[in-house]
Amino acid sequence: VQLQASGGGLVQTGGSLRLSCAASGLAFSTDVMGWFRQAPGKEREFVAAISRRGYSTSIANSVKGRFTISRDNAKSTVYLQMSSLEPEDTAVYYCAAGRYGPSMSTTEYAYWGQGTLVTVSS
C-alpha cells in the first residue's frame, strides 16, 4: 500500500492550496480516507475525513469553513482544498486510509502517507 501526498508548499496568509493523495495497492473505494497534520512540537491532529463514496465528511472545527475534503474513486485520489490559510495551519499534512469512519482518531487508520509540508507565512 502506498499513499503519495503532494501539493504542499509555501503560501501567504489568506492564500489557498490543494493537497492530493494518490493511493495504490488498496481497494480505494472501500476505504475511508482522512487528512491529519502535525506542527513542530505538537501531536498529530485530525483535519478531515471522507466516507467511501464521499457522501459523508467530517471536518475539524479549527478548519471548518476553510477546508474541504473530496475524493475521486476513479483516480484513487483524495483531495484537501485549503483556503484562507493562516500561519497556524503550518504543518506536515498526512493522508491516511482506514476501514471505519469517517473517523477523527488516528487509531482507525491503518495506512499513512509520507506527508507534505505546508508553510503559511504571515
Side-chain angles (χ1 to χ4, degrees):
V1 175
Q2 188 172 15
L3 301 177
Q4 184 69 44
S6 61
L10 175 64
V11 63
Q12 292 185 334
T13 296
S16 299
L17 281 175
R18 188 176 81 156
L19 305 183
S20 300
C21 175
S24 60
L26 52 76
F28 184 78
S29 62
T30 67
D31 280 273
V32 172
M33 299 300 296
W35 286 98
F36 292 77
R37 67 185 182 186
Q38 188 166 17
K42 295 187 177 181
E43 292 187 354
R44 191 169 298 190
E45 66 173 1
F46 170 77
V47 176
I50 188 166
S51 62
R52 295 171 182 81
R53 295 188 178 185
Y55 295 152
S56 178
T57 63
S58 180
I59 307 291
N61 288 335
S62 59
V63 303
K64 193 167 292 184
R66 301 188 297 121
F67 290 13
T68 302
I69 187 171
S70 62
R71 65 189 296 163
D72 185 337
N73 285 353
K75 296 182 178 180
S76 296
T77 301
V78 62
Y79 304 97
L80 185 68
Q81 179 67 48
M82 307 184 294
S83 60
S84 301
L85 283 161
E86 304 167 352
E88 293 73 21
D89 297 316
T90 295
V92 176
Y93 284 72
Y94 299 90
C95 61
R99 301 309 306 274
Y100 305 103
S103 174
M104 298 185 291
S105 173
T106 58
T107 60
E108 293 294 337
Y109 295 88
Y111 303 105
W112 292 82
Q114 86 291 354
T116 184
L117 176 62
V118 172
T119 303
V120 184
S121 63
S122 57

Where the side chain of [X] meets the backbone of [Y], is there a donor-acceptor pair that is under 3.5 Å apart?
{"X": "Ser84", "Y": "Gly14", "value": "no"}
{"X": "Arg44", "Y": "Tyr94", "value": "no"}
{"X": "Arg71", "Y": "Ser51", "value": "yes"}
{"X": "Asp31", "Y": "Phe28", "value": "no"}
{"X": "Ser20", "Y": "Tyr79", "value": "no"}

| message | Between Arg99 and Thr30, is the side chain to side chain contact (heavy atoms under 4.5 Å, CB included) condition met? List the steps. | response | CA-CA 7 Å; Arg99 301 309 306 274; Thr30 67; 4.2 Å; yes
Co-membership, hydrophobic cluster, residues [X] and [Y], 4.5 Å side-chain:
{"X": "Leu17", "Y": "Met33", "answer": "yes"}
{"X": "Val118", "Y": "Val63", "answer": "yes"}
{"X": "Leu19", "Y": "Phe46", "answer": "no"}
{"X": "Trp35", "Y": "Phe67", "answer": "yes"}

| request: For the pair Leu10 and Ser121, evaluate side chain to side chain contact (heavy atoms under 4.5 Å, CB included) and give the outcome as yes or no after the intermediate values. | output: CA-CA 7 Å; Leu10 175 64; Ser121 63; 4.2 Å; yes
| Just checking, is any N or O donor in the side chain of Ser105 or Thr107 under 3.5 Å from an acceptor N or O on the other one? | yes
| query | Given side chains that start at C-beta, do those of Ser6 and Thr116 come closer than 4.5 Å, heavy atoms only? | reply |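 With C-beta onward as the side chain, the pair stays apart.
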| task | Decide yes or no for Ser16 and Val11: does some side-chain heavy atom of the first lie under 4.5 Å from some side-chain heavy atom of the second? | result | no
Which pair of heavy atoms, one from [X] and one from [Y], lies closest together, and at what distance?
{"X": "Asn73", "Y": "Ser29", "answer": "ND2-CB, 3.6 Å"}
{"X": "Leu80", "Y": "Ala48", "answer": "CD1-CB, 4.1 Å"}
{"X": "Pro102", "Y": "Ser56", "answer": "CG-O, 3.6 Å"}
{"X": "Gly98", "Y": "Tyr109", "answer": "N-CD2, 3.6 Å"}

| request: Could you tell me how the ring of Phe36 sits relative to the ring of Trp112: parallel (under 30°), tilted (30 to 60°) or perpendicular (over 60°)? | output: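 Phe36 vs Trp112 ring planes: tilted.
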